[in-house]
Amino acid sequence: MFEKRLLAATDNAISKLYGPGFDLSLLTIERTKKEIEGDYTLVVFPLLKLSRKSPEQTASELGGMLLKELSEISSYKVIKGFLNLIMSDEFWISFLSENYNRDEFGVCPVLSEEKVVFEYSSPNTNKPLHLGHIRNNLLGHSLSQILTASGFPVIKVNLVNDRGIHICKSMLAYMKWGEGETPASSGMKGDKLIGKYYVLFDKKYKEEIKDLIEKGITEDEAGQLSHLMIEAREILRKWEDGDRETVNLWKLMNGWAYEGFEVTYNRLGVEFDHIYYESDTYLSGKELVVEGLAKGVLRKHEDQSIWIDLTSEGLDEKLLLRSDGTSVYMTQDLGTAQIRYDDYHPSRMIYVVGNEQNYHFDVLKRILLKLNKPYAPSIYHLSYGMVELPEGRMKSREGTVVDADDLMEEMYTTAADMTIKLGKAGGFPGKEAEKLFEAIGLGALKYYILKVDPRKNMLFDPKESIDFNGNTGPFIQYTYARINSLISKASVMSQLPGKDTILTGFSLMPSEKETIKSLMIYPQVVSQAADELNPAIVANYVYELAKKYNQFYQEIPVLKEENPGLRQLRLMLSVFTASVIRKSLNLLGIESPERM
RNA sequence: GGUCCCGUAGCUCAGUUGGAUAGAGCAACAGCCUUCUAAGCUGUGGGUCGCGCGUUCGAGUCGCGCCGGGAUCACCA
């Protein structure tokens with residue numbers, strides 16, 4: 001890589017000019033800003049103490065030395081303390097011809113010791129997936145792709161919250177008012193059907209509470225006295241006791257939920273290597289709690305409930321086991337962590353979970369540290385921001401939840417309408433057109449969500465449908481399709497450059513050079529995205545690349561270029577760009593249609 | 001109230017880890033299809049980077065203090 005050589009040469013030059021002992025890490029090599037002439041920029045201010053000369057003079061001396069040392073540099077310009085290096089066209093062209101056809105460009109060799117387990121999705125079986133889950137799934141899937149490309153063996157796991165009071169609520173409502181309804185009999189998707197009963201429980205429960213309050217009971221007491229809630233708790237207790245009838249209904253209803261989730265996952269394009277069920281892991285959590293009790297890390301209260309006291313660390317006391325012996329969310333997450341470690345011995349366990357659970361994961365990690373678990377330090381909570389609506393958070397009670405299936409369907413329809421309106425739907429036989437609309441619609445959705453820094457909250461306005469122009473997924477897909485069309489034509493005319501074509505003696509137009517510069521940094525973009533666990537870096541990069549290429553495409557002929565060498569060069573540039581766009585989109589889980 | 005996160009153009013978001021005159025898209029306006037796909041390209045307008053102090057050659061970026069918004073602090077998950 002050139003930047004390393006540049007850095008080494010700079011180090012060398014500094015020693016020769018000003019003597020040894022300079023801390024090279026103070027110097028940064030940057031891409032030159034676009035309004036300014038140059039390709040790489042060295043900021044020389046940190047050097048001034050050593051050189052004891054003006055910024056301009058220091059930069060000039062260094063520039064002169066580098067020009068002599070590195071043949072790739074054709075000239076340099078100094079502005080204040082900035083040394084702007086200008087590379088020869090030969091440098092860019094040789095990079096292009098050496099890499100345009102390399103499949104492994106931007107893909108790291110596998111680091112087999114650095115196994116990473118990614119947990120994402122983690123649905124509750126009592127309601128269907130919504131927009132928040134979409135962000136979660138897309139992040140998890142994309143990050144798995146990015147880390148894989150960076151050489152980390154990735155294991156994708158899902159943890160289904162299939163037990164707990166929430167599912168008991170749906171079960172109770174179903175037993176009371178379900179009348180044997182099934183997905184088949186109702187024509188509803190399984191997860192939607194479960195959700196219907198969860199909502200029904202909530203409605204009936206609210207009515208009951210309201211009645212109780214009207215009788216003069218306080219809200220807190222009403223929560224305790226509610227018959228529905230008492231019955232739901234009873235179901236949970238029976239479930240943990242293994243009561244056959246309860247377990248059977250639970251299996252039946254969860255099965256419906258899984259069938260529904262499967263459909264949603266398939267359409268979204270996410271998958272898992274292993275699915276954990278809370279119902280399988282919570283017992284291991286209970287064991288850890290017993291262990292903690294024995295080690296004196298945990299305390300049992302008089303009512304038999306078990307707690308951890310984190311007040312000395314600035315947190316609160318946290319419940320780990322209820323007084324009736326049933327487990328809570330934290331209990332099962334402890335057990336899951338243990339099982340996951342036993343299964344894979346990963347060097348990192350990354351949890352893609354919303355930032356509303358920051359406290360939970362802080363506590364989880366502290367408990368495992370207190371238990372001296374070797375894997376405790378490797379736990380990392382990738383805390384992503386909420387997806388908000390213009391009126392604030394999504395509230396299932398207020399019916400503002402954006403359903404995942406509905407949203408995907410809407411994206412499909414919009415993509416279809418748009419394509420037809422543009423008169424581009426012709427030439428695709430039935431099934432192909434559907435595939436295309438799906439690719440574009442989901443491409444728009446995925447890009448829209450992934451281009452935002454995962455840690456930040458983001459806004460989604462259902463009234464303003466997701467754009468297909470400008471900084472969007474379809475824009476990038478379109479760029480790809482257009483290049484593909486060029487390449488096909490070139491291929492038909494047998495004009496594609498051969499494997500080892502060497503081009504020399506050409507000069508580059510600005511937009512050609514800009515595109516090559518973007519292509520060159522792709523490997524760094526991938527590794528940065530992996531370091532920061534941030535797909536937005538890839539998204540913003542591929543947008544920039546597409547934009548630069550479009551500029552080139554608009555103003556410079558490729559197939560119509562008469563000089564065969566130049567034509568080859570521009571075809572190489574096009575092939576390379578298409579390949580990097582496809583790789584980038586793949587890292588984001590977005591399809592690259594060959595035609596659109 | 002404690003803890004944590006966020007505040008950049010009318011709106012949605014970037015900002016290469018402290019560098020030059022803070023950038024894109026949308027929306028608005030003006031141009032570009034007899035030439036490789038116009039879901040494209042070019043141009044114009046739009047900013048007290050929430051406010052203040054500090055650190056230094058240099059701060060949207062780091063520190064402190066305010067202001068505003070959000071999350072969380074359940075025998076919910």
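Note on naming: letters A, B, ... go to the chains in the order of the sequence lines (proteins, then strands), and numbering restarts at 1 for each one.
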Please tabulate, one pair per line, each protein N/O and nucleotide N/O from nucleotides 54-58 of chain B that are separated by under 3.5 Å, including the distance.
none

key: Donor-acceptor pair (no angle test) under 3.5 Å: A:Asp162 side chain, B:A77 base   = no

query = With rounding to whole Å, what would you report as the distance between B:U8 and B:G15 at their C1' atoms?
reply = 9 Å

key: Atom-pair distance (CZ on A:Phe468; P on B:A27), nearest Å   = 14 Å

query = Any N or O donor-acceptor pair linking the side chain of A:Thr479 to the base of B:A39 at under 3.5 Å?
reply = no

ask   = Quick one: A:Tyr541 OH to B:G25 C1', roughly how many Å, whole number?
value = 19 Å

query = If we take the C1' atom in both B:A20 and B:C26, what is their distance in whole Å?
reply = 29 Å

query = How many Å lie between CD1 on A:Ile521 and C1' on B:G15, as a whole number?
reply = 13 Å

ask   = Any salt bridge (charged side-chain N to carboxylate O under 4.0 Å, His left out) pairs touching residues 477-493 of chain A, not counting sequence neighbours?
value = none

key: Shortest side-chain distance from A:Glu30, nucleotide among B:A24, B:G23, B:G19   = B:G19

If you restrict it to nitrogen or oxygen atoms, what contacts under 3.5 Å exist between nucleotides 2-13 of chain B and the protein, and what is each distance?
residue : atom : partner  : partner atom : Å
B:C13   : OP1  : A:Leu459 : N            : 2.6

key: Contacts of type side chain to side chain donor-acceptor pair (under 3.5 Å), residue A:Glu464, not counting sequence neighbours   = none

query = P atom, B:C4 versus B:C66: distance in rounded Å?
reply = 14 Å

message = Quick check: do A:Tyr276 and A:Val160 have side-chain heavy atoms less than 4.5 Å from each other?
response = no

query = Do A:Lys548 and A:Glu514 sit within salt-bridge range, that is, some charged N less than 4.0 Å from a carboxylate O?
reply = yes

note = Residues passing the side chain to side chain donor-acceptor pair (under 3.5 Å) test with A:Arg595, sequence neighbours excluded, are none

task = Name the closest nucleotide to the A:Glu278 side chain, picking from B:A77, B:U72, B:A39.
result = B:A77

query = Phosphate oxygens OP1/OP2 of B:A77: is one of them under 4.0 Å from a side-chain N or O of A:Gln357?
reply = no

request  = Determine if A:Phe82 stacks with B:G19; use a centre-to-centre distance below 5.5 Å and an interplanar angle below 30° as the criteria.
outcome  = no

inquiry  = Taking the basic N atoms (NZ, or NE/NH1/NH2) and the acidic carboxylate oxygens, is any pair closer than 4.0 Å for A:Arg299 and A:Glu317?
reply    = yes

task = Please state the P separation for the pair B:U16 and B:G7 - nearest whole angstrom.
result = 13 Å

query = Below 4.0 angstrom, N of the basic side chain to O of the carboxylate: do A:Lys463 and A:Glu391 qualify?
reply = no

query = If we take the C1' atom in both B:A27 and B:U44, what is their distance in whole Å?
reply = 15 Å

ask   = How does protein reach along nucleotides 30-37 of chain B, written 5' to 3' as B (base within reach of a heavy atom under 4.0 Å), S (only sugar-phosphate), or - (no contact)?
value = -----SBB

request  = Provide, to the nearest angstrom, the distance between the OH atom belonging to A:Tyr543 and the P atom belonging to B:A24.
outcome  = 9 Å

Length of the CG-C1' vector between A:Leu450 and B:A14, whole Å = 15 Å

request  = Could you state the atom-to-atom distance from CD1 of A:Ile36 to P of B:A22 in whole Å?
outcome  = 11 Å

inquiry  = Is A:Arg393 close enough to B:G69 that one of its side-chain N or O atoms is under 4.0 Å from OP1 or OP2 there?
reply    = no

ask   = Does the base of B:A39 carry an N or O that pairs as donor and acceptor with the side chain of A:Thr472 under 3.5 Å?
value = no

inquiry  = Using the P atom as the point on both nucleotides, what is the distance between B:A59 and B:G18, in whole Å?
reply    = 13 Å

inquiry  = If the condition is side chain to side chain donor-acceptor pair (under 3.5 Å), which residues does A:Thr125 pass it with, not counting sequence neighbours?
reply    = A:Asn254

ask   = In chain order, what residues pass the side chain to side chain donor-acceptor pair (under 3.5 Å) check against A:Thr58, with sequence neighbours excluded?
value = A:Ser51

query = What do you reckon, are the aromatic ring centroids of A:Tyr351 and A:Tyr380 less than 6.0 Å apart?
reply = no

ask   = Rounded to the nearest Å, what distance is computed from the CG atom of residue A:Leu42 to the C1' atom of nucleotide B:U16?
value = 15 Å

message = Between C1' on B:G40 and OH on A:Tyr549, what's the gap in Å once rounded to a whole number?
response = 12 Å

N-O pairing of A:Lys547 and A:Glu544 below 4.0 Å = no

message = Please give the distance between the P atoms of B:C11 and B:G50 as a whole number of Å.
response = 13 Å

query = A:Leu422 near the nucleic acid: base, sugar-phosphate alone, or nothing, with a heavy-atom cut-off under 4.0 Å?
reply = base

task = Could you check whether A:Asn84 gets within reach of a base, just the sugar-phosphate, or nothing at all, counting any heavy atom under 4.0 Å?
result = base

request  = Assess whether salt bridge (charged side-chain N to carboxylate O under 4.0 Å, His left out) is satisfied between A:Glu591 and A:Lys435, documenting all intermediate values.
outcome  = CA-CA 10 Å; A:Glu591 281 183 66; A:Lys435 274 192 196 162; over 6 Å; no

Where RNA chain B forms stems, i.e. three or more consecutive Watson-Crick or G-U pairs with both distances under 3.5 Å = B:1-7 with B:67-73, B:10-13 with B:23-26, B:28-32 with B:40-44, B:50-54 with B:62-66

ask   = What nucleotide, of B:A39, B:U16, B:A77, holds the atom closest to the side chain of A:Arg31?
value = B:U16

remark   = side chain to side chain donor-acceptor pair (under 3.5 Å) with A:Asp362: of A:Lys365, A:His360, A:Arg366, only one passes, and it is A:Arg366

Residues 411-418 of chain A side chain polar contacts: donor-acceptor under 3.5 Å, at least two apart:
residue  : atom : partner  : partner atom : Å
A:Thr413 : OG1  : A:Glu409 : O            : 2.9
A:Thr414 : OG1  : A:Glu410 : O            : 2.8

query = Can B:C13 be described as syn, meaning its chi torsion is within 90° of 0, or is it anti?
reply = anti

query = According to the side chain to side chain donor-acceptor pair (under 3.5 Å) rule, which pairs have a member within residues 35-45 of chain A, sequence neighbours left out?
reply = A:Thr32-A:Thr41, A:Glu37-A:Lys77, A:Asp39-A:Lys513, A:Asp39-A:Lys517, A:Thr41-A:Asn84

message = Short of 4.0 Å, heavy atom to strand atom, which residues of residues 320-333 of chain A count as contacting RNA chain B?
response = A:Arg322, A:Ser323, A:Val328, A:Tyr329

ask   = Can you list the steps and then say if A:Glu231 with A:Lys238 is a salt bridge (charged side-chain N to carboxylate O under 4.0 Å, His left out)?
value = CA-CA 10 Å; A:Glu231 285 183 73; A:Lys238 277 161 86 174; over 6 Å; no

